[in-house]
Amino acid sequence: MRQGFVKVAALSPKIRVADPKYNGQLIIKEMREAAKEAAVVVFPELCITGYTCGDLFFQEQLLIEANEQLLLIAGQTADLNAIVFVGLPFAYRGKLYNVAAALCRGSVLGLVPKIYLPNYAEFYEARHFTGGMETPVQAELAPGVWVSMGTKQLFVCASVPGLCIAAELCEDVWAPAPPSIGHALAGANLIVNLSASDEITGKDAYRRDLIIGQSARLVCGYVYASASDGESTQDVVYSGHSIIAENGALLKESERFRNECIYSEIDIGKLTGERRKMTTFPQRADGYVMQTFSLDVVETKLTRFIDPAPFVPGSRSDRDRRCEEILAIQAMGLKKRLEHTGCRNAVVGISGGLDSTLALLVTVRAFDLLGMGHEKITAVTMPGFGTTDRTYDNAVNLVGCLGAELREVNIREAVTVHFKDIGQDPQVQDVTYENGQARERTQILMDIANKNGGLVIGTGDMSELALGWATYNGDHMSMYGVNVSVPKTLVRHLVRYYADVCGDAKLAGVLLDVLDTPVSPELLPPKEGEISQKTEDIVGPYELHDFYLYHILRFGFPPEKVFRLARIAFAGVYEDAVLLKWLKVFYRRFFSQQFKRSCLPDGPKVGTVAVSPRGDLRMPSDACGRIWLDEVERMEAGL
């Protein structure tokens, strides 16, 4: 439960219909086993008696025995470090209710009744049960033992910051206005659903989408435990289809037609961070009763998948769809800017590297959308002191394949004169040596754009901007930055996707060679014709920085949590010391280089993370990163 991770379990035991004694013992056994790992344990609807008892629910003996088993099960939670939810029929003031009972530390914390009772098709719940009350009342469980009963209850953990649980039952989530909406607005970030959903053709897909969608809509974790084949098959069959979802993502799903227990971890910290940013997520807790419980805070072993490339979809089909969508967003953004300014020309500095290649491909798309010829695109290659034959050839060949106008301006002589003017020794290959070339290139592009009546298209990507790996008023500047919110790890896939779908073997070959070229600004002379200045040797692996960027900006995670996730995501790839080294570099550069991001050119947002000072990242240029760096240094000292 440290760092907000809460292990949850959804169980579908093979109960016996109308046998509370057997079911009670089975629930105790499976509950105790699940609680060895999970802090929240959820059983199906009416699991103490079975959902399919029919008119046996009118038998007093069944209700008495169900109540006794509830108290026995509750007693067995005394030594468990978990809150447990079980379902049973419960009589109150002459009516029968279908309830979820919350149990913890030997007690029944509360009863949550089902509101929406299906009474159509194969369901006849209204024959036996009454829809539950919202405002909690006091109900007597046993002589002198009273408990709160009502839907407006939140189960708040005093020892785990932010953990707030609410319950609904089966049909409640299928209704137009599920109770979980009110629960979430009242503060619940984990919804448990005790269900008995029968299986018919195609229903599993709908059920899955429903639960995933509800978790997204409410920005919550959702644990759905459904009845299994222990139920009567007189007219229908139950498959035990249990689901664990979090904010629109499926974390775990049981195999249908098996009595299975599934586990995963809900990231309460992530959910809290998401809601904190959402001004459209109000808080309304009118009439809710808070039931407090406490658990021992222990280390939660993470079994959920931690994606080492969070910006890149895992499957090929999703990746292709995402790439096409991003290219469309980039091209449409540029198209609008060209239309608005009346520019009939675009100027792109082309180096033979990944970023400038993507920028040129996007520019070509934008011109296609405008019905303009590619010859109106001026692609400028500007060989300098570090340019290699490989990148030069790729730049020239790429422009030729795309039919753009190629301009070559060798910057060596101009930069040498500039060095003489400012007293820079060309043998001293320092930051002035490097940045002088970058600024000369930007001046050339701007002046050609003025001459042509065009726009300079920016090539820098979001990863470079996060690290400040751009020359201020050099490659940092443009008239429209098409790559400004595309991380480096995704740039590669966009270029690869273009190679796959372009239908031009020669163009594809050039793009594949660009992909195979080490990332470099090529500002230092090559060694034996090969690139001598590799970006990732200097600032660190982009796959790590993109991972850090995602979790720090998207969710606001602290360094310790980011490091924990990185250790799992990159297990066997990077040592802990290496992860911390580059995490420290990320924080140091991220804070020190904000002044570059504070004056970024316009550019389109394409994903959930962006660094525009006018949009997602309104950060002071002189903010201090000391507390974050202190935390990283503390972890380094502990290795």
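All figures in this text were calculated on a predicted structure; none of them were measured in a lab. In what follows, residues are counted from 1 in the order of the sequence shown.
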Donor-acceptor pair, Thr442 side chain versus Gly474 backbone, under 3.5 Å?
yes
Could you check Glu633 against Arg626 for salt bridge (charged side-chain N to carboxylate O under 4.0 Å, His left out), going step by step and ending with a plain yes or no?
CA-CA 10 Å; Glu633 289 169 2; Arg626 185 67 265 162; 3.2 Å; yes
CD/Glu413: more than 12 non-hydrogen atoms of other groups inside 6.0 Å
no
Residue pairs involving residues 468-497 (criterion salt bridge (charged side-chain N to carboxylate O under 4.0 Å, His left out); sequence neighbours excluded)
Asp355-Lys488, Asp461-Lys488, Glu464-Lys488, Arg496-Asp500
Hey, which of Lys7, Lys301, Arg564, Lys270 is the one that makes salt bridge (charged side-chain N to carboxylate O under 4.0 Å, His left out) with Glu265?
Lys7
Distance from Ser478 atom OG to Asp602 atom CG, nearest 0.5 Å?
9.0 Å
Flag side-chain contact, heavy atom, 4.5 Å: Trp469 against Ile538:
yes
Check the side chains of Glu324 and Tyr497 for a donor-acceptor pair under 3.5 angstrom, ignoring hydrogens and angles.
yes
Going by heavy atoms in the side chains, are Thr300 and Val6 under 4.5 Å from each other?
no
Between His551 and Phe547, is the gap from one ring center to the other below 6.0 Å?
yes
Answer yes if the ring centres of Trp582 and Tyr574 are under 6.0 angstrom apart, and no otherwise.
no
Within the structure provided, determine whether Ile552 and Trp628 are in side-chain contact (heavy-atom separation under 4.5 Å).
no
Spell out, as yes or no, whether a donor-acceptor pair under 3.5 Å connects the side chain of Arg441 to the backbone of Met382.
yes
Hey, could you give me the CD1/NZ distance between Ile244 and Lys252, rounded to the nearest 0.5 Å?
8.0 Å
Apply side-chain contact (heavy atoms from CB on, under 4.5 Å) to residues Arg439 and Gln443 and explain how you reach the verdict.
CA-CA 6 Å; Arg439 292 195 178 99; Gln443 175 181 258; over 6 Å; no
Which atom pair, heavy atoms only, marks the closest approach of Ala379 to Val399?
CB-CG2, 3.4 Å
Could you measure the distance from the NE2 atom of His476 to the CZ atom of Arg597? Nearest 0.5 Å is fine.
10.0 Å
Side chains of Thr608 and Arg554: any donor to acceptor distance under 3.5 Å?
yes
Residue Arg208 excluded, over 12 heavy atoms near CZ under 6.0 Å
yes
Show the numbers, then the answer: is there a side-chain contact (heavy atoms from CB on, under 4.5 Å) between Glu274 and Leu271?
CA-CA 5 Å; Glu274 284 287 271; Leu271 298 171; 5.7 Å; no
Report yes if some heavy atom in the side chain of Leu544 is under 4.5 Å from a heavy atom in the side chain of Leu579; otherwise report no.
yes
Any side-chain heavy-atom pair from Phe555 and Lys561 closer than 4.5 angstrom?
no
Is the number of heavy atoms from other residues, nucleotides or ligands within 6.0 Å of CZ (Arg567) greater than 12?
no
Any side-chain heavy atom of Pro620 within less than 4.5 Å of one from Gln594?
no
All pairs passing salt bridge (charged side-chain N to carboxylate O under 4.0 Å, His left out) where residues 373-391 contributes a residue, at least two apart
Arg390-Asp513, Arg390-Asp516
CD1 (Ile326) and CZ (Arg321) are apart, to the nearest 0.5 Å, by 10.0 Å
Hey, which of Tyr550, Phe311, Tyr542 is the one that makes side chain to side chain contact (heavy atoms under 4.5 Å, CB included) with Pro487?
Phe311
Of Val510, Val364, Ile377, Ile350, which is the lone residue that meets side chain to side chain contact (heavy atoms under 4.5 Å, CB included) with Leu402?
Val364
Side-chain donor-acceptor pair under 3.5 Å between Thr378 and Glu405, yes or no?
yes
Taking every heavy atom of Arg275 against every heavy atom of Cys220, the minimum-distance pair comes out as NH2-CB, 3.7 Å
Verdict with reasoning, Val514 to Leu398, per side-chain contact (heavy atoms from CB on, under 4.5 Å):
CA-CA 10 Å; Val514 169; Leu398 178 66; 5.6 Å; no
Closest heavy-atom pair and its distance - Gly458, Ala359
O-CB, 3.9 Å
Ignoring hydrogens and geometry, is there a side-chain-to-backbone donor-acceptor pair from Asn189 to Gly162 under 3.5 Å?
yes
Does CE belonging to Met619 count more than 12 external heavy atoms closer than 6.0 Å?
yes
Sidechain-backbone polar pair: Glu543 side chain, Pro308 backbone, donor-acceptor under 3.5 Å:
no
Output, in order, the C-alpha distance, side-chain angles, deciding distance and verdict of side-chain contact (heavy atoms from CB on, under 4.5 Å) for Val160 and Ile268.
CA-CA 9 Å; Val160 179; Ile268 299 299; 5.7 Å; no
Look at the rings of His545 and Tyr548 and say which category their plane angle falls in: under 30° parallel, 30 to 60° tilted, over 60° perpendicular.
perpendicular
Which atoms form the tightest heavy-atom contact between Cys343 and Met372, and what is the distance?
O-CE, 4.4 Å
Please report the interatomic distance OG1(Thr357) to CG(Leu361), rounded to the nearest 0.5 Å.
6.5 Å
Between Phe595 and Tyr472 (judged by ring centroids, cut-off 6.0 Å), do the two rings come close enough to count as a pair?
yes
When every non-hydrogen atom of Thr387 is compared with those of Gly384, the smallest separation belongs to OG1-N, 2.8 Å
NZ/Lys277: more than 12 non-hydrogen atoms of other groups inside 6.0 Å
yes
Under 4.5 Å between any side-chain heavy atoms of Lys420 and Pro426, yes or no?
no
Centre of Tyr480's six-membered ring, under 6.0 Å away, within 45 degrees of the axis: is that where NZ or CZ of Lys336 sits?
no
If you count the non-hydrogen atoms of other residues, nucleotides and ligands that lie under 6.0 Å from CZ in Arg316, is the total more than 12?
no
Pairwise distance CD1(Ile457) to CZ(Arg337) - rounded to 0.5 angstrom:
9.5 Å
Over all atoms of both residues, closest heavy-atom pair of Ala414 and Glu440:
CB-OE2, 3.6 Å
Decide yes or no for Val8 and Leu251: does some side-chain heavy atom of the first lie under 4.5 Å from some side-chain heavy atom of the second?
no
